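To start, the structure itself, in structure tokens.
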Amino acid sequence: DGGITQSPKYLFRKEGQNVTLSCEQNLNHDAMYWYRQDPGQGLRLIYYSQIVNDFQKGDIAEGYSVSREKKESFPLTVTSAQKNPTAFYLCASRSGGPFNYGYTFGSGTRLTVV
Amino acid sequence: AQKVTQAQTEISVVEKEDVTLDCVYETRDTTYYLFWYKQPPSGELVFLIRRNSFDEQNEISGRYSWNFQKSTSSFNFTITASQVVDSAVYFCALSEVYTGTASKLTFGTGTRLQVTL
């Protein structure tokens with residue numbers, strides 16, 4: 001079945017370490033997104049990418065980096081510059097057609113920095 | 001800039017009660033999409049409905065119904081005869097129409113619904 005796979009489901013890291021969250025989709029979707037969720041703050045957009053080798057900053061990109069070397073993959077790196085990285089991270093994808101607005105979400109990665 | 005407001009942070013109801021979750025949005029776009037998602041404790045987002053800005057018809061799907069009123073920029077969600085399984089966080093979201101760059105979903109802060117026996 002097609003879908004988005006985020007791994008791992010839970011991730012623990014020491015403060016000051018970079019960590020990379022995986023997001024893979026087999027839906028042949030063009031656009032991919034990373035959202036961060038904190039309690040009481042809803043989902044906020046970190047980065048998004050419309051096509052391979054292209055990506056744009058979202059609302060809270062500071063302290064994060066991404067790459068889009070393959071259509072299927074959109075990994076997110078949480079760097080040591082991110083002041084408060086503990087959060088729930090959700091990856092999403094969407095077909096690139098102008099009138100297709102079906103977003104598909106992964107099951108998320110819960111990152112805890114100790 | 002787009003904005004979605006869900007003023008109700010948390011709602012508690014007893015099973016079989018009806019409950020309405022409010023959603024108010026702001027956008028300068030004349031064409032846009034509105035969504036509702038359900039997030040159970042497991043964390044994944046479950047898609048409930050998508051509505052484009054040209055379609056103001058209300059929609060009913062089983063116990064769920066949606067009231068879209070463009071005049072008040074609202075897209076409210078009603079659950080009739082609530083059940084314990086409806087307990088979750090519900091998000092309203094707004095998406096601009098594709099204009100040559102990747103459209104983005106803007107989420108509200110969510111409403112936590114607790115349904116008890």
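Quantities reported herein were computed from a predicted structural model and do not represent experimental measurements.
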Could you state whether [X] and [Y] fall into the same hydrophobic cluster, counting links through intermediate Ile, Leu, Val, Met, Phe, Trp or Tyr residues with side-chain heavy atoms under 4.5 angstrom apart?
X	Y	result
A:I46	B:F107	no
B:Y64	B:Y33	no
B:F47	A:L90	yes

### Query
How long is the gap from CG on A:L43 to OG1 on B:T109, to the nearest 0.5 Å?
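Taking CG in A:L43 and OG1 in B:T109, the distance rounds to 10.5 Å.
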### Message
Working to the nearest 0.5 angstrom, can you tell me the gap between A:R44 CZ and B:T106 OG1?
### Response
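So the CZ of A:R44 and the OG1 of B:T106 are separated by 13.0 Å.
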### ring pair (Phe, Tyr, Trp, His ring centres under 6.0 Å) between B:Y37 and A:Y103, worked out
CA-CA 11 Å; B:Y37 287 90; A:Y103 292 82; 7.6 Å; no
Heavy-atom count around [X] [atom1] within 6.0 Å, excluding the residue itself: above 12?
X	atom1	answer
B:K3	NZ	no
B:R112	CZ	no
A:E62	CD	no

### Message
Report which part of A:L45 has an atom under 4.5 Å of a heavy atom belonging to chain B: side chain, backbone, both, or neither.
### Response
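Contact with chain B involves the side chain of A:L45 alone.
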### Engaged part of A:Q6 at the chain B interface, taking heavy atoms whose separation is under 4.5 Å
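Contact with chain B involves no heavy atom of A:Q6 at all.
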#### Entry: A:Y33 side chain to B:L105 backbone, donor-acceptor under 3.5 Å
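Answer holds: no.
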### Query
Any idea which heavy atoms bring B:K104 and A:Y35 closest together, and the distance?
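Here B:K104 and A:Y35 meet closest at C-OH, 4.3 Å.
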### Query
Side-chain contact, heavy-atom cut-off 4.5 Å: B:Q39 with A:F105?
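Result no, sub-4.5 Å side-chain heavy-atom pair not found.
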